[in-house]
Amino acid sequence: MAVTDKDIEIIEQYVAGLLHGDKLQEFERRLEQDKAIIKQVEFMKALRQGAKVSVLQDKMKMIQQWDAGMEELIVKEKDDASRDKEIKQESAQIKKMPWLKYAAVAAILIAVFYAGNLWMEA
């Protein structure tokens, strides 16, 4: 007997575990009698299993990519942390010499004043 579109719908429901009660019993009786239905059920199960494997492989790839990204992020965070530590150390050294800030500001003001005088004379 040939497999119809309606048979395929019922087979899909059967393979997915969605058939219950009388419909399930009726389908299982038919399954015992019709080799075409048996072959189609086996095909659908294999197709479903292949899809599951494909999805799992895709998820594994995504997880591996995520893990690689996280490793890069962790390394970057460590680099950032060490850079932050260096900046804090340099900042602490500058804070130990507050007169240096004032000297730098004074030098800039003197340079601006001197440049302004040269420009005014010209």
Side-chain angles (χ1 to χ4, degrees):
M1 201 191 225
V3 178
T4 65
D5 288 345
K6 185 175 181 181
D7 291 335
I8 290 176
E9 288 178 28
I10 293 172
I11 291 169
E12 287 175 350
Q13 291 175 1
Y14 175 76
V15 170
L18 300 175
L19 282 183
H20 303 288
D22 293 339
K23 285 187 178 184
L24 177 61
Q25 290 174 355
E26 180 184 330
F27 181 77
E28 287 177 342
R29 275 193 301 272
R30 201 163 159 220
L31 192 59
E32 293 171 358
Q33 299 169 357
D34 193 344
K35 290 184 181 182
I37 298 287
I38 292 171
K39 286 182 181 180
Q40 191 66 33
V41 167
E42 289 172 356
F43 173 76
M44 290 285 198
K45 284 181 178 180
L47 187 64
R48 188 176 178 90
Q49 186 64 27
K52 285 180 183 179
V53 168
S54 177
V55 167
L56 289 174
Q57 288 173 341
D58 289 346
K59 287 183 179 183
M60 286 300 297
K61 285 180 186 175
M62 288 173 50
I63 289 170
Q64 289 169 347
Q65 291 172 348
W66 184 80
D67 282 345
M70 289 303 292
E71 287 175 9
E72 289 176 15
L73 184 61
I74 289 169
V75 168
K76 185 178 181 289
E77 285 177 356
K78 287 181 181 177
D79 290 345
D80 289 347
S82 63
R83 199 171 19 253
D84 288 347
K85 186 177 179 181
E86 290 173 6
I87 290 171
K88 286 179 183 177
Q89 288 173 346
E90 290 174 5
S91 176
Q93 289 174 350
I94 291 173
K95 287 179 182 176
K96 290 178 184 176
M97 300 182 287
W99 59 269
L100 186 61
K101 288 188 247 180
Y102 297 117
V105 170
I108 291 171
L109 289 174
I110 291 170
V112 167
F113 180 73
Y114 183 70
N117 279 342
L118 289 176
W119 182 68
M120 294 296 276
E121 290 177 6

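Everything quoted here is computed from the prediction, not taken from an experiment. Heads up: numbering here begins at 1 and tracks the sequence.
- Heavy-atom contacts from other residues, nucleotides or ligands closer than 6.0 Å to CG of D58 number more than 12.
- Cluster membership for V15 and I8, using ILVMFWY side-chain heavy atoms within less than 4.5 angstrom, is shared.
- Taking CE of M44 as the start and CD1 of I11 as the end, the distance is 6.0 Å to the nearest 0.5 Å.
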Item to complete: Begin with the C-alpha distance, continue with both residues' side-chain angles, and end with the deciding distance and a verdict on side chain to side chain contact (heavy atoms under 4.5 Å, CB included) for Q49 and K52.
Response: CA-CA 5 Å; Q49 186 64 27; K52 285 180 183 179; 4.3 Å; yes
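- Atom OG1 of residue T4 and atom CD1 of residue I10 lie 7.5 Å apart, to the nearest 0.5 angstrom.
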Item to complete: Step by step, work out the side chain to side chain contact (heavy atoms under 4.5 Å, CB included) result for I37 and F27.
Response: CA-CA 9 Å; I37 298 287; F27 181 77; 3.8 Å; yes
Fill in: Check against side chain to side chain contact (heavy atoms under 4.5 Å, CB included), R30 and D7
CA-CA 10 Å; R30 201 163 159 220; D7 291 335; 2.6 Å; yes
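- At least one side-chain heavy atom of E28 sits under 4.5 Å from a side-chain heavy atom of Y14.
- Separating the CD atom in Q13 from the NE2 atom in H20 is a distance of 9.5 Å, to the nearest 0.5 Å.
- Around the CD atom of E26, the shell of radius 6.0 Å holds no more than 12 heavy atoms that belong to other residues, nucleotides or ligands.
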Worksheet entry | side chain to side chain contact (heavy atoms under 4.5 Å, CB included) evaluation trace for E12 with L18 | CA-CA 8 Å; E12 287 175 350; L18 300 175; over 6 Å; no
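- If you take CD on Q25 and CG on L19, they are separated by 11.5 Å, rounding to the nearest 0.5 Å.
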